[in-house]
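Below you'll find the structure, written out as structure tokens, and then a few comments.
Scope of the values below: all heavy atoms of this structure, side chains included, with no hydrogens, waters or symmetry mates.
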Amino acid sequence: MSTSTYVVQGMNCEHCVNSITTAVGEIPGVTDVLVDLPTGKMDVTGRGDPRHQ
């Protein structure tokens, strides 16, 4: 497992957080998504590229 951190611009409400969390969570290989609205940071944990497993 590995975790990557991204900065998401344009989020301004919990609806944005929920939408991003749901969309990113549906990506194959992603096991956890944590979005922090005040900082705009998103931590994504996953198994890596599922094509290489």
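Summarising the geometry, atom CD belonging to E14 is positioned 5.5 Å from atom CG belonging to L37; distances are rounded to the nearest 0.5 Å.
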Trace of the side-chain contact (heavy atoms from CB on, under 4.5 Å) decision for I20 with M11 = CA-CA 9 Å; I20 292 167; M11 289 190 303; 3.5 Å; yes
Determine, step by step, whether V35 and V8 satisfy the side-chain contact (heavy atoms from CB on, under 4.5 Å) criterion, reporting the C-alpha distance in whole Å, the side-chain angles of both residues, the deciding distance to 0.1 Å, and the verdict.
CA-CA 9 Å; V35 179; V8 180; 5.6 Å; no
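Proximity of M42 to L34: side-chain heavy atoms (C-beta onward) are nowhere separated by under 4.5 Å.
Taking both residues in full, the closest heavy atoms of C16 and G10 are given as SG-O, 4.5 Å, listed atom of the first, atom of the second, then distance.
Under the rule for a side-chain contact (heavy atoms from CB on, under 4.5 Å), the partners of S19 that lie at least two apart in sequence or sit in another chain are H15.
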Name each donor-acceptor pair under 3.5 Å that joins a side chain in residues 21-28 to protein atoms two or more places apart or in another chain, with its distance.
residue: T21; atom: OG1; partner: V17; partner atom: O; Å: 2.7
residue: T22; atom: OG1; partner: N18; partner atom: O; Å: 2.9

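Within the structure, every pair that satisfies the side chain to side chain donor-acceptor pair (under 3.5 Å) test and touches residues 36-46, not counting sequence neighbours, is listed here: T3-T45, T5-D43, D36-T39.
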